[in-house]
Amino acid sequence: MATSTPAADGRTGRTTDPALRAPVARPGSRLLHRLVWLRLGLLLSAPLAWMLLIYVVALAALLITSLWSVDSLSSEIDRTWTLDNFRTLVENQVYRDVTVRTIGVALAVTVIDVAIALPIAFYMAKVASPRLRRMLVVAVLTPLWASYLVKVFAWRVVLSEGGPAEWSGLGSPGYGLTAVVITQAYIWLPYVILPVFAALERVPDSLLEAAGDLGANSGMVLRSVVLPLLVPGILAGGIFAFSLTMGDYITVNIVGGANQMLGNLVFVNAGAANNLPLAAAIAMIPIVVMVVLLAAIRRTGALENL
Amino acid sequence: MSLPTGADASTVATSGDAAATAAISLRGLRKQFGDVAAVDGVDLDIADGEFFSMLGPSGSGKTTVLRLIAGFETATAGTVWLGGTDVTRAAPFERDVHTVFQDYALFPHMSVLDNVAYGLRVRGIGRKDRRGRAEQALDTVRLGQLGGRRPHQLSGGQRQRVALARAIVLEPRVLLLDEPLGALDLKLREQMQVELKQLQRDLGITFVFVTHDQEEALTLSDRIAVFDAGRIQQLGTPREIYETPGSAYVAGFVGTTNLFDAATSQRLLGVRAEHAVRPERLRITPTSAEPTTADEIRLDAVVVETIYLGTGNRVHLRTDDGLELVALEQYTGSLDSAAHRGDAVTVRFARADVVPLAAAP
Amino acid sequence: MSLPTGADASTVATSGDAAATAAISLRGLRKQFGDVAAVDGVDLDIADGEFFSMLGPSGSGKTTVLRLIAGFETATAGTVWLGGTDVTRAAPFERDVHTVFQDYALFPHMSVLDNVAYGLRVRGIGRKDRRGRAEQALDTVRLGQLGGRRPHQLSGGQRQRVALARAIVLEPRVLLLDEPLGALDLKLREQMQVELKQLQRDLGITFVFVTHDQEEALTLSDRIAVFDAGRIQQLGTPREIYETPGSAYVAGFVGTTNLFDAATSQRLLGVRAEHAVRPERLRITPTSAEPTTADEIRLDAVVVETIYLGTGNRVHLRTDDGLELVALEQYTGSLDSAAHRGDAVTVRFARADVVPLAAAP
Amino acid sequence: GCGSDEDKETDAVEELGEMEGQVSILAWPGYVEDGSNDPKVDWVTAFEKDTGCEVTSKVYGTSDEALNLAKTGDYDVIAASGDLSLRLIASDEAQEVNTDLVPNYENVFDFLKDSEWNTVDGVNYGVPHGYGANLLMYNEKNFDSAPTSWGAVFDTEELERNKGKVTAYDSPIYIADAALYLMKTQPDLGIENPYALDEEQLDAAVALLKEQRKYVGEYWSDYLKEIQAFETGDSVVGTTWQVIKNNIKNADVQVTLPTEGATAWNDTWMLSSQSENPNCAYAWMDYILTPKANAQATEYFGEAPNSPAACEETADPNHCETFHAGDEEYAEQLWFWRTPIKECLDGRTDVECTDYAQWTQAWTEIKG
Amino acid sequence: MNLSRTARRMLAGLTFGVLALIYVPLLVVVANSVNPSQSMTWPLDGVTFEWWRRAADSVGARDALVTSLQVAAAATAIALLLGTLLALALQRYSFFGKHSVNLLVILPIALPGVVTGIALSNGFRTILGVDLSIWTIIIAHATFCIVTVSNNVQARLRRMGTSLEEASADLGAGVLTTFRLVTLPQMRSALLAGGMLAFALSFDEIIVTTFTAGNGANTLPIWILNNMFRPNQAPVVNVVAVVLIIFSTIPVWLAQRLSSDVEAVR
Ligand SMILES: Nc1ncnc2c1ncn2[C@@H]1O[C@H](COP(=O)(O)OP(=O)(O)OP(=O)(O)O)[C@@H](O)[C@H]1O
Ligand SMILES: Nc1ncnc2c1ncn2[C@@H]1O[C@H](COP(=O)(O)OP(=O)(O)OP(=O)(O)O)[C@@H](O)[C@H]1O
Ligand SMILES: NCCCCNCCCN
Ligand SMILES: [Mg+2]
Ligand SMILES: [Mg+2]
């Protein structure tokens with residue numbers, strides 16, 4: 001059987017422009033190409049060094065500081081190991097109360113924001129025309145630029161006695177935890193809408209159509225198809241609202257009436273009372289809450305949507 | 001619509017009666033997207049149990065017609081009848097048709113079984129009952145074992161079958177399939193074609209099948225509608241479409257063809273109108289091997305290229321007066337082609353095999 | 001590698017000499033991904049100017065071989081020679097081969113012209129010079145006017161030609177094409193096949209072409225390697241592959257075939273070994289229409305299904321002793337198939353048309 | 001005394017040298033205005049022109065925050081209220097000030113000189129700025145007759161009718177206000193000085209405040225919040241500063257110095273022990289004591305100036321009268337903020353007093 | 001999706017209703033910027049442009065704005081650089097500890113600002129021994145902004161796949177040339193989106209800034225905070241906020257347009 005040899009009819013003599021044959025890449029490129037670990041090292045070293053040297057070290061130092069105490073008169077840190085700060089946290093009812101209150105407020109804010117963000121994001125991503133969608137995104141993003149403090153003070157005005165809320169006939173809850181929840185929900189809403197919107201944009205229309213085609217009405221489509229697919233986006237937005245609320249101490253000062261939250265305790269002890277060790281110990285509460293939450297959520301893939 | 005061919009009869013034969021009895025009837029259906037008339041006046045009756053294909057190039061409106069039938073789009077004008085009921089304004093979930101989407105649209109967060117059971121679930125059928133039926137549907141598409149997997153753990157062909165199972169579990173009278181085989185590779189595609197056809201016949205479901213693969217359409221369908229620019233160009237059985245194309249457009253789109261323009265036809269046939277002849281009707285013989293009969297046309301030509309196809313050879317020819325022809329040499333007992341690159345040959349074909357085309361619309 | 005067929009000779013004929021002169025030589029090439037041996041010992045010489053195709057099912061390692069040649073993957077074992085140089089460890093940008101990707105991988109942020117000029121630009125060729133050459137390359141693929149467009153403004157076929165122009169502007173000696181036609185619809189695909197073949201012949205470039213479409217491979221190639229599970233199952237010209245398949249696997253993969261297992265062969269031919277016969281070699285006649293000759297095998301069968309193909313009919317048959325057969329009725333002057341569903345017929349084929357297969361590896 | 005250790009003793013500078021060309025100041029908002037917030041409010045530019053010392057300044061919201069900032073050593077001069085000054089001294093953040101090098105010190109009201117909150121063991125650590133009292137503010141409409149006692153915010157009966165509309169200063173130092181009330185109303189507790197509370201006394205004050213907490217609508221620490229709350233009626237009674245009252249347009253809001261007296265603050269300009277620009281720092285301390293500058297700064301902030309001469313310079317001729325500047329009789333009823341420390345400030349040696357850290361902890365618990 | 005007309009109407013109503021509510025507090029701010037009362041009370045006492053005049057003269061506000069822009073720009077630049085490097089490493093390579101690194105970059109944004117604030121402030125001063133300054137603000141902000149860039153770029157790289165980069169190498173481009181000519185342009189809209197978010201986060205951050213700002217480093221939020229504690233300044237703050245809202249629509253709109261243009265080209 002003939003092993004076919006393709007015709008070599010003069011083609012082999014083809015000449016090509018030497019400029020095209022010359023090696024193009026510089027030796028550095030060649031080295032980079034060959035050494036994968038070198039490339040990875042170059043990419044990873046700067047960001048990793050930044051995070052480790054600046055952030056991890058700082059957090060570790062904070063943890064260590066929480067095991068120290070402060071000398072009351074000189075206000076100097078006394079570097080002998082002690083669990084006193086944690087004992088204080090455990091023994092005093094007030095820390096438990098504040099922790100529960102803070103988590104409660106953060107949860108309420110998260111739930112409200114998600115509940116509001118879902119239909120809005122849905123309207124933006126799946127109902128509005130592309131042009132309207134773009135305008136809505138701008139409308140949602142713009143309030144981010146009115147300073148946080150100004151917005152909180154505006155809420156103080158809105159909720160004041162005889163203020164716009166009462167004036168409009170809706171009534172005002174007055175200053176207190178409800179006001180904190182409303183204000184914080186307001187402030188972080190855009191940060192929740194955005195990831196939910198992004199997640200919705202990634203859900204192909206055909207899935208919704210398929211569900212309708214199979215006999216599901218709109219409510220069922222939302223419940224059985226849209227919502228499960230949005231979980232990562234919802235979690236991403238939820239983490240944002242939750243953690244930002246949990247760390248806030250300014251809103252509660254302005255509209256929170258006589259209440260205090262964990263952020264206030266950390267702030268007062270670190271910034272004011274100059275008891276950094278106690279502040280560090282209190283800070284461990286939100287750190288533990290967040291780390292547990294993040295670890296639980298990591299598997300859902302939500303962390304990539306922040 | 002003014003196609004003079006016999007095949008056209010079925011396009012025009014649309015009475016109120018037909019709408020009442022056909023599985024699907026479309027009347028004066030139009031869909032406008034801004035300036036574009038995606039569907040531009042379609043009248044069509046599809047009979048119960050028919051395997052009906054819509055064939056046409058990209059953008060010709062096939063998907064839009066399907067979406068109008070399924071209820072994902074609202075018609076700009078015209079009506080859609082399903083089993084004798086006007087459903088033009090009904091929501092998708094109110095229509096007794098189901099769609100197999102080109103991208104399958106399987107729910108990624110559900111197992112295969114849950115995907116298949118979805119339609120039963122939204123109908124409020126109990127967990128156990130729907131499980132049983134879903135498993136049975138999966139068996140039908142020979143995926144009985146894979147119910148526990150997630151869609152992303154399946155191959156393209158398997159996904160396609162899940163999409164099918166998800167639709168047939170609801171025992172619809174009509175199934176709409178939008179290029180369901182488009183994403184598969186050739187070998188798998190051929191297998192799936194056979195399975196689809198079998199399924200359709202076994203279940204007795206009306207299939208409305210969208211494809212732009214003419215071979216697929218010819219192989220599978222009871223009838224074919226060839227679309228162009230939002231209109232049906234020709235409607236007929238595969239054979240009618242292939243052998244008596246109503247226009248140059250259809251002749252060119254379905255299968256390979258040798259087209260003769262009016263001038264050439266005048267010269268060869270003495271008729272000043274477009275004609276076409278299929279490559280397999282051309283025979284290649286040594287120059288002037290036989291005398292010409294009155295029934296036969298004979299042209300001297302040179303072989304430009306001979307391409308081995310396995311089942312035969314495709315021979316590209318150029319006649320002495322510059323006409324380009326393609327002939328299909330089929331296996332007829334001998335392995336070797338008579339035509340080698342550069343050979344001078346004679347091409348012959350029966351006058352009867354040359355079909356007249358309507359003037360292009 | 002121990003295929004006993006003649007075609008196999010070329011697989012084995014790998015001397016150091018061949019490696020020095022061939023456009024591409026692969027020796028003992030292996031690529032392991034975790035547990036999977038994607039390429040499992042491939043030896044291959046591809047001559048200068050050859051149109052070489054790699055054919056095989058999904059996951060058989062075709063792409064991986066191509067990527068090993070291009071340098072996107074590093075071989076686990078074995079060597080890659082290009083034009084006599086060992087490039088096994090060289091970076092892609094150091095290799096004088098270029099790739100046309102299945103998804104074309106055109107740079108979406110550059111105009112068509114800039115895409116084509118890209119390789120010249122990174123070689124430091126001046127703006128004017130590269131513009132000229134890029135335009136020339138675009139002319140070659142008949143896209144001269146579209147240089148200013150962005151890739152997303154092109155149709156699939158046009159994109160494919162841009163990808164081609166982008167590679168050929170660098171005047172490579174070898175072009176690697178990974179299913180370049182896979183994303184096109186059938187009609188366009190047929191057109192592009194012809195263009196590719198012409199271009200390859202005109203430029204005299206070695207093409208290494210990956211496809212899983214057997215028809216495409218048969219049509220275009222000088223030689224074909226049929227892959228399975230990371231190995232070359234058979235290597236040969238289209239005709240060798242089609243007409244003397246080395247194994248049941250190859251026979252089944254390339255074209256449709258009727259396979260006889262050892263027992264059946266024993267019964268029909270008196271030889272206890274696998275055999276195959278192509279559907280177009282089967283003839284269908286009315287029952288016992290003619291007497292049997294010694295050279296012919298004759299089986300009584302029932303027609304299960306007749307499928308109209310345009311150029312002929314595919315007839316599925318079941319013999320009285322349960323053997324399933326496919327016959328291809330080609331156009332031979334008459335339009336109508338002799339075989340109708342349910343007919344009792346006789347199937348005949350020449351003993352010479354039944355080819356023995358090697359035992360499956 | 002409350003002591004810096006002997007070995008850490010700081011000696012004041014004997015004479016001044018060259019100006020360094022810059023000085024960094026840490027102060028309450030409104031103390032160091034250079035016109036950047038309001039071009040009409042500017043006394044820094046003149047100083048810079050006179051001395052060539054360029055001023056950078058940072059403001060703080062509470063004394064405690066200031067302590068933290070002072071410790072960074074970034075500041076040459078610090079304006080410290082009485083609850084901060086002793087802590088700065090104790091932690092060696094402040095150094096002795098040689099008042100001879102501050103010519104304008106002469107002008108200062110005598111009763112403000114060498115006060116307990118800036119002079120320790122006879123060593124002076126700073127010069128006074130202005131002062132003010134923590135007064136009782138109320139909305140007439142909510143009272144049958146004008147309240148005259150802190151009972152308005154501590155007596156349960158009184159509190160009951162303004163439930164949810166009571167306000168108080170948001171700082172541990174507010175415990176002293178409760179202690180002052182107890183000092184007058186419950187002599188059995190033996191409180192002699194509201195800043196010197198033993199544990200029992202602190203507990204009593206805390207109990208009183210916890211009771212008050214039930215009626216408090218909100219605590220305040222910045223003007224704006226309290227002004228707004230009294231304007232709108234969200235708050236109707238509580239502690240205040242005179243300046244806040246002055247800014248309230250609502251005519252029903254009145255202010256009084258209750259019969260029990262009141263806590264008060266007097267701020268001291270202190271010199272950082274880490275100062276790198278002592279000459280400019282001295283120059284600043286002298287400058288801010290000039291009648292003109294002191295008048296501008298104290299009037300802008302809303303407190304009493306520190307000298308009769310400054311009272312001559314105020315834009316509002318009634319400013320000193322309104323703020324009772326130089327009114328010694330009035331000043332006698334004031335308990336100026338001091339830092340509570342373990343060593344009782346009232347001279348008791350038989351018990352240990354509660355320190356600021358304990359007050360802080362207690363304040364956290366009071367707010368709950 | 002195929003929703004009933006009523007459902008569409010309800011969704012639209014809800015969306016526009018909430019959006020309207022979102023703008024109510026902002027209207028209050030606008031109203032108060034012309035309210036003669038200096039304590040932001042309701043209803044308005046009248047109309048005055050005194051505060052606008054004063055704001056126009058406020059060097060402090062202008063300086064703070066400049067500082068904020070500088071801080072946000074620098075923090076964003078650092079975040080863009082580090083976030084991109086990180087995204088490339090995480091998306092294009094597999095290595096030990098990859099998931100921990102991923103979690104690590106999320107922490108600064110997920111932990112409450114007050115925690116991040118005291119940790120960094122303490123870290124800067126006691127461990128690194130650096131004085132707080134504008135640079136410490138920038139570093140702190142960059143730390144919690146890295147993740148917004150990194151996540152956006154990772155998502156883009158994931159969608160982009162490797163074929164464009166391979167095509168570039170195939171055509172002869174070296175590693176860096178490929179990055180410059182192909183990868184970077186492809187990431188443009190992702191960088192824009194991530195950068196915008198980073199900029200916004202930094203520009204409005206107050207808590208972390210409070211703890212990490214050095215003497216003289218006044219960002220706009222800090223200036224606003226301080227001025228809320230000054231007599232007579234609150235209305236000027238409102239003016240500044242109104243101006244911010246008005247001017248912010250320009251970059252927001254531009255970014256929207258730009259990224260969707262890029263998106264269309266993809
Ligand atoms: N939602 C839409 N908005 C605007 N134009 C549309 C829309 N859907 C389809 N079209 C246009 O209508 C025409 C018909 O589109 P359709 O999708 O029905 O074609 P098709 O025959 O299915 O093509 P393909 O083979 O590419 O799927 C096209 O010109 C298309 O651009
Ligand atoms: N990067 C990779 N990591 C792990 N496994 C891989 C990788 N690339 C390919 N493989 C595996 O190697 C085998 C060969 O893959 P390859 O892509 O070469 O097949 P192919 O013949 O090109 O298939 P197709 O026709 O589907 O393109 C497959 O089993 C595939 O799953
Ligand atoms: N609008 C202010 C946004 C503040 C976000 N801060 C995030 C920091 C969390 N550590
Ligand atoms: Mg379509
Ligand atoms: Mg492949």
Side-chain angles (χ1 to χ4, degrees), chain B residues 57-59 155-157 179 182-190 193-194 197-198 201 211-221 237-239 241-243 252-257 278-281 283 305 307-314 316 328-333 335-336 350 352-353, chain C residues 56-59 155-156 179 182-183 185-190 193-194 197-198 201 211-221 237-239 241-243 252-257 278-283 305 307-314 316 328-333 335-336 350 352-353:
Chain B
S58 191
S155 76
E179 307 197 19
L184 306 184
D185 71 40
L186 206 81
K187 205 76 202 167
L188 193 55
R189 190 166 173 146
E190 281 168 3
Q193 284 173 2
V194 174
K197 182 78 191 175
Q198 252 167 31
R201 189 174 298 141
T211 181
H212 49 221
D213 178 345
Q214 30 106 355
E215 209 173 293
E216 195 166 281
L218 290 177
T219 319
L220 296 176
S221 323
T237 63
R239 198 139 174 182
I241 299 278
Y242 187 81
E243 290 171 14
F253 192 79
V254 183
T256 316
T257 205
R278 297 287 178 188
E280 66 273 19
R281 309 281 162 116
R283 273 176 311 120
E305 178 125 51
I307 294 167
Y308 180 75
L309 299 177
T311 59
N313 296 299
R314 188 164 69 232
H316 293 260
L328 190 64
E329 280 192 323
Q330 306 197 107
Y331 172 80
T332 47
L335 267 176
D336 296 301
D353 286 340
Chain C
S58 191
S155 74
E179 307 196 19
D185 70 39
L186 205 82
K187 205 76 205 165
L188 192 55
R189 190 166 173 148
E190 281 169 2
Q193 284 173 0
V194 175
K197 182 78 193 176
Q198 255 168 28
R201 190 176 294 142
T211 182
H212 50 221
D213 178 345
Q214 31 105 357
E215 208 174 295
E216 193 167 282
L218 290 177
T219 319
L220 296 175
S221 324
T237 63
R239 200 142 172 178
I241 298 279
Y242 188 82
E243 290 171 14
F253 192 77
V254 183
T256 316
T257 205
R278 295 288 179 188
E280 66 272 17
R281 310 280 162 119
L282 270 52
R283 272 177 311 122
E305 177 129 50
I307 294 168
Y308 179 74
L309 299 177
T311 59
N313 296 301
R314 189 165 68 232
H316 294 259
L328 190 63
E329 279 192 324
Q330 306 199 104
Y331 173 81
T332 48
L335 268 174
D336 297 302
D353 286 342

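In what follows, every chain begins at residue 1, and chains take the letters A, B, ... in the order their sequences are listed. As a basis for the values below, the full set of heavy atoms in this structure was taken, side chains included, without hydrogen atoms, waters or symmetry mates.
When all heavy atoms of C:Glu190 and B:Thr256 are compared, the pair lying nearest together is OE1-OG1, 4.5 Å. Residue B:Glu243 comes nearest to C:Tyr308 through the heavy atom pair OE2-OH, 2.6 Å, listed as atom of the first residue, atom of the second, then distance.
Applying the side-chain contact (heavy atoms from CB on, under 4.5 Å) rule to B:Thr257 yields the partners B:Ala251, B:Leu259, B:Ala276, B:Arg278; only residues at least two apart in sequence or on another chain are considered. For C:Glu305, the side-chain contact (heavy atoms from CB on, under 4.5 Å) criterion is met by B:Arg201, C:Ile307, C:His316, not counting sequence neighbours.
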Review point. Step by step, would you call B:Thr311 with C:Tyr242 a side-chain contact (heavy atoms from CB on, under 4.5 Å)?
Key: CA-CA 9 Å; B:Thr311 59; C:Tyr242 188 82; 3.4 Å; yes

Practice item. Dump the intermediate steps for side-chain contact (heavy atoms from CB on, under 4.5 Å) on B:Leu218 and C:Leu309, then the final yes or no. Key: CA-CA 6 Å; B:Leu218 290 177; C:Leu309 299 177; over 6 Å; no

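With a threshold of 4.5 angstrom between heavy atoms, C:Leu328 approaches chain B through side-chain atoms but not through N, CA, C or O.
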